[in-house]
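Here is the structure we will look at.
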Amino acid sequence: MIACDNLTKRFGHFTAVDHVSFAVAKGSIFGFLGPNGSGKSTVIRMLCGLLSPSDGHARIAGFDVAREPAAIKPLIGYMSQKFSLYDELTAHENLNFYGRLYGLRGAALRRRYDELVGLTHLAPYLNRRAALLSGGWRQRLAMACSLIHQPSVLFLDEPTAGIDPVARRELWDLLFEFSSQGMTLFVTTHYMDEAERCSQVGYIHLSKLVVCGEPDDLKQLPVVNPPDTRRIDVTCEHVTVGLQAVRQLPGVRTATVFGQSMHLLVEASLSEDFIRTELARVNIPHADIRPIAPSLEDVFVALTNNRNGET
Amino acid sequence: MSKLFRGFTAILYKEFLMVLRDPFTLFFMIFPPLVEMIAFGYALDTDVKHIATVLLDEDRTTESRQFVTQFENTQTFRIVGEARSVTELAALIRRGKAYVGLQIPPGFTRNLNAGRSAKVQVLIDGSNSSIAASALNTALNVGFRNGLLTLAQKIGLRDLPVEVRPQMLYNPEMRSPNFFLPGVIGIVLQIATTFATAMSLVRERERGTLEQLMVSPLSRWGLMLGKLVPYLAIGMVMGALLFTIMRWVFHVPIAGDVVALMVGTLFYVFCLLSLGLLISTRAQNQMQALQMTMMFILPSVFFSGFIFPRETMPEIFYAISTVLPATYYIELERALVLRGASLGDFWFHLVMLAAMGVALFSLCVLRLRRTIA
């Protein structure tokens, strides 16, 4: 459905997107990850036709984004980071406006309108001005607006930034429903738990696409699982102190804090008792250690380190 | 809707709602122009009438009083008090109590009757040049006429040998509001309308809704026209309101065809709104848009012939005046309002306004890139 081939964008001497290639299948949820400023939004903006590529091509449903924008526009929906709505207009008027913008009229508009109101549960808020809606409801309204013309591809630029966890959960439930109906979703996010739920993820770092694939496949990559190593989770008190201590140990490749625990990549020969003893020396008596599979975050950390090591 | 203007009605629907929903912008579009119009109308009155004058009559005869009456009858002078000495006369002028001092020395009547030159002194405050010039001319005229009449009587003539009878066409009372107010309407319309469209598109850019519009199949022509039309409607209502004020508050009669006047106004407002849109394709934020709008207003005030006649301008300013919509509109207005000209006489002005409008509008559509970097 979406195919990028060496997509590149330069702003003066700065290359914001550097020869990025990937493909997204119809009906899949593509999670696009990367640090701020790595080029995520620039890719989305090129795909939506807001920016023209400096080099390379991108196609949506077979149409070239730079050369056939008129064919693409009716097919795509775009929900920007800011949930750009008209604050002076009510939810009802915002929806109506976007419907008309896409050429919907009369009964067709009415039908689609009712469908989306039902889907997003916006009914009690229809007569409220967009400015007075809370974050979660603004996001739902923005989403309804970007869906009013039944796009085949929906681009969402950090749709869950600044949204409470419940609203986040509900949004993802909606996304799965759309995907099951055959809609292709392209989502940028900073949340790893969201990335885990995507059917496909791409990770962009310093303008280059580092990796792209299904989350489970990525976790099997050799660079993520170097030979003769294993990943363990160490749950203990004073994690930050413990982190300093284990980083000094021979045989510990990487150590990262995850909430109340740390994830270590250690050499297979390193014994759990040894770690416990070393932690006890910095007054951390009880450490719960168990083996774990790599998470997506581990994958991205490993790949970023690997790439930094190369250059 | 044709393909070229795709999305036009959607934008129109939204813009009308937003304009009505945003009393702040509406207020600032309509209220200041009305205040400006009324303030200009009263302040730009350059008619010199009833200049405060102090009298020092040292002759105190029927003849001297008659002479003072002749002075007052010109309507140019108004006796506001009497002084007892030349020093006091001068002091009153210096203190700003009067602009003119009229001194009739003792022996005025005696000299007059004896056939000697009867001298009268007029002190004029020259610090305000237009008042001084008017006072000087009128005073000389009164003396001259008086002298001639006396001479004529002596040689037995009843009337003056040469009598000039001027007739003012189109503004018989030479009221300055008649000349200025049409110009004020032109300027005031520019201030109100240009900024409205400039702001409206820049606001969309600031909020990110412009991006949302660009992702949709909306055409650039549709977007720009949809943005323009609601403000065109408001601009026309304002124009009508301003002409109403001109006619009934300041009593400036509209000699020509009102329909023609409104057609001219429509073209002019379209020009200005397009200029506003053009500014908005350039400005990154509302502050910049406001500054650029102001930048275009000053030349219109100074070079359009609104205050200073274009014919006496240095060439460079004259050249600037030929590209200002205000120049053509104000000339058109004056011709229609004051001289009762028909559109046929001034089709060139109308064509210029239309051409500028179409050019500006096309330019801003082309400048609005489909891609917003």
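The chains referred to below are lettered A, B, ... by the order of the sequence lines, with proteins before strands, and numbering in each begins at 1. Computed from a predicted structure; not experimentally measured.
Residue A/Ser84 comes nearest to B/Gly208 through the heavy atom pair OG-O, 3.2 Å, listed as atom of the first residue, atom of the second, then distance. Of all the heavy atoms in A/Asp87 and B/Arg207, the pair that sits closest is N-NH1, 3.9 Å. Closest heavy-atom contact between B/Ser216 and A/Lys73: O-CD, 3.3 Å. Between B/Pro217 and A/Leu101, the shortest heavy-atom distance links the atoms CD-O, 4.3 Å.
At a 4.5 Å heavy-atom cutoff, the contact between A/Leu85 and chain B is made by backbone atoms alone. Heavy atoms closer than 4.5 Å to chain A are found nowhere in B/Glu15, neither backbone nor side chain.
Side-chain atoms of A/Tyr78 and B/Glu211 include a donor-acceptor pair closer than 3.5 Å. Between the side chains of A/Thr90 and B/Arg21, no donor-acceptor pair is found at a separation under 3.5 Å. Between the side chains of A/Glu93 and B/Tyr13, no donor-acceptor pair is found at a separation under 3.5 Å.
Residues passing the side chain to side chain contact (heavy atoms under 4.5 Å, CB included) test with A/Ser179, sequence neighbours excluded: A/Ile29, A/Leu185. The salt bridge (Lys or Arg N to Asp or Glu O under 4.0 Å) check on A/Glu177 picks up nothing, with sequence neighbours excluded. Partners of A/Asp5 under the salt bridge (Lys or Arg N to Asp or Glu O under 4.0 Å) rule, at least two apart in sequence or in another chain, do not exist in this structure.
When side chains are defined from C-beta on, B/Leu17 does not count as touching A/Phe97, because their heavy atoms never get closer than 4.5 Å.
With a 6.0 Å radius and a threshold of 12 heavy atoms from other residues, nucleotides or ligands, B/Phe31 has its CZ atom at or below the threshold. Annotation: B/Phe296, atom CZ; neighbour count of heavy atoms from other residues, nucleotides and ligands within 6.0 Å does not exceed 12. Within a 6.0 Å sphere centred on CE of B/Met294, other residues, nucleotides and ligands contribute 12 heavy atoms or fewer. The environment of CZ in B/Phe16 is crowded: more than 12 heavy-atom neighbours from other residues, nucleotides or ligands sit within 6.0 Å.
Taking CD of A/Glu88 as the reference point, atom CG of B/Leu20 lies at 11.5 Å (rounded to 0.5 Å).
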Test B/Gln212 against A/Tyr98 for side-chain hydrogen bond (donor to acceptor under 3.5 Å, both in side chains), laying out the working first. CA-CA 9 Å; B/Gln212 213 69 49; A/Tyr98 280 107; 5.0 Å; no

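Residues of residues 145-155 of chain A never come within less than 4.5 angstrom of chain B, heavy atom to heavy atom.
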